[in-house]
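Working notes, beginning with the structure itself.
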2 protein chains.
Amino acid sequence: MPSKPGAQHARRSAAEPASTGLRERILSATRELLRERRFDALSVADILTAAEVSRASFYFYFPSKQAVLGELVRDAVTQGQQAARPWVEGLQIDGSQDPVAALRAGVRDGARLWRDNAGVLMAIVENQGSDDGLRALWLEQMDLFTDAAAARIESDPQARERLGDMSVRAVAASLTWMGERLYYLAAAGVPPFDDEEVLVDVLTNAWTSILYGRPVECPKDPAD
Amino acid sequence: MPSKPGAQHARRSAAEPASTGLRERILSATRELLRERRFDALSVADILTAAEVSRASFYFYFPSKQAVLGELVRDAVTQGQQAARPWVEGLQIDGSQDPVAALRAGVRDGARLWRDNAGVLMAIVENQGSDDGLRALWLEQMDLFTDAAAARIESDPQARERLGDMSVRAVAASLTWMGERLYYLAAAGVPPFDDEEVLVDVLTNAWTSILYGRPVECPKDPAD
DNA sequence: ATAGTGTCCATACACGATGTATGGTGGCGC
DNA sequence: GCGCCACCATACATCGTGTATGGACACTAT
């Protein structure tokens, strides 16, 4: 092979501060690619060219493309939980607020999180089944949401009482997973959930019906 | 070009004296393998040896292993819908029956369907994301369930009225998908849904809360 | 300067899986 | 015998993954 190492690589395409770690480049290139392509239709080679990184470098920073996805998911979810914290904690403190409105706000936050990170979140949901690491990660994240939901329910005497002897945690988990599924379907453009209004209404209705026994009241009138 | 013998060979034209049809062997071998291994951890080579079929024969009957799974899913689901028909239709005729009990029975039927076909159903849920054909198939199947649920709701004045101006179909779809997710988690052994009693209670409670506004009443007392 | 070290790159390879192609075997009806 | 059909064995082209191996460059200590 005439592998003359003379005319070496054109170095970085300039403009990029060399300090823009390769690791970050890999991460954001993947996130970008995920915006328009399915994770499994994505080869490391694709990521390599998009991130302008060599194969060797890629495998230096990540053991596999699944690991990259894992990190993207962790980022997205923790960022989302940051945003949702006021919902969970605020409720417990400020018990005076209308719980239904608060629930709806939380549901909408979830929709926003999914809208902003659709590619990444769809990717893990779709590939959770074919990779043990991703599955564990996703279960863990859903567990965190379940914890929050359970705490929310636990601190709400009205809901607590209504659930009677049913496991609060089980109910919280079911609500969490229902959300996961519906948000995913919405992100995937599956009707009728592709309509965010419908999605939020239905999900909010589920929460309020299950926790308070009343259907969603004024679906879209009040200033929201 | 041996691939153009005029028409489809005698696929399975009734009485087949041949050696137990290769096609069937492939199907049931795959179903069996799916009982203990994930679909994506299954190569066609594995199916070949399990079914004692040659590679050429496999690709004569099926274009891919996904197609095999697709057929298994179709079989399982239609069989399941057969079983669930009395639930959907019976309700509409015999309006006198306790709707909550009927709902619970339907939920339990679903659990049974999933228990009996766990491997196959888990496989499609897990790989729905990485194959367009499987995804379309699964959406189609869920649509059928949604149709049934929507009809069930539509024919129930009490539920209809409670839902107000919310889309019946959207509610039906959300309940269907919630079931899909919870049954899947149960099949995957994820707590707390791995406990069938909890699973059925929570799901039934969701249905009755959303449709009737009342929590599940006597969780496990009556003769069931 | 010179050597050392750490970051990065190019190339190539071993492996495993998929799907296709080619040629062969044995039973069966004519 | 002939042709045909259901089936098998094998080989192969292709593609994706993950692992080496070895070299280029920059920055630093001596």
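Chain naming here is simple, since letters A, B, ... match the order of the sequence lines and numbering starts at 1 in each. Here the structure is a predicted model, which is why all the values come from computation and not from measurement.
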Assess the residue pair A/Ser43 and A/Asp46 against the criterion (side chain to side chain donor-acceptor pair (under 3.5 Å)); give the C-alpha distance rounded to whole Å, side-chain angles, the decisive distance to 0.1 Å, and a yes or no. CA-CA 5 Å; A/Ser43 69; A/Asp46 294 330; 3.3 Å; yes
Sugar-phosphate only, base, or nothing, as touched by B/Glu52 at under 4.0 Å among non-hydrogen atoms: sugar-phosphate
Within 6.0 angstrom of B/Glu52 CD, more than 12 heavy atoms from elsewhere: no
Hey, which of these two, A/Ala56 or A/Ser43, hits DNA chain D nearer its 5' end, going by closest nucleotide? A/Ser43
Choosing from C/dC8, D/dC7, C/dT18, which nucleotide comes nearest the side chain of A/Tyr61? C/dC8
Using OP1 and OP2 only, check whether a side-chain N or O of B/Tyr59 sits under 4.0 Å from C/dG19. yes
Would you say A/Ser57 reaches C/dC9's phosphate, i.e. side-chain N/O to OP1/OP2 under 4.0 Å? yes
[N] [atom2] sits how many Å from [X] [atom1], rounded?
X: B/Phe39; N: C/dA17; atom1: CZ; atom2: C1'; result: 13 Å
X: B/Asp46; N: C/dG16; atom1: CG; atom2: C1'; result: 12 Å
X: B/Asp40; N: C/dT18; atom1: CG; atom2: P; result: 11 Å
X: A/Ile47; N: D/dG16; atom1: CD1; atom2: P; result: 12 Å
X: B/Lys65; N: C/dG19; atom1: NZ; atom2: C1'; result: 13 Å
X: B/Leu48; N: C/dG16; atom1: CG; atom2: P; result: 17 Å
X: B/Phe58; N: C/dA17; atom1: CZ; atom2: P; result: 14 Å

Earlier contact from the 5' end, DNA chain C, for A/Arg55 and A/Phe60: A/Phe60
Would you call B/Arg23 and B/Glu71 a salt bridge, taking side-chain N to carboxylate O under 4.0 Å as the test? yes
Which label fits B/Tyr184 and B/Trp114: parallel for a plane angle under 30°, tilted from 30 to 60°, or perpendicular past 60°? perpendicular
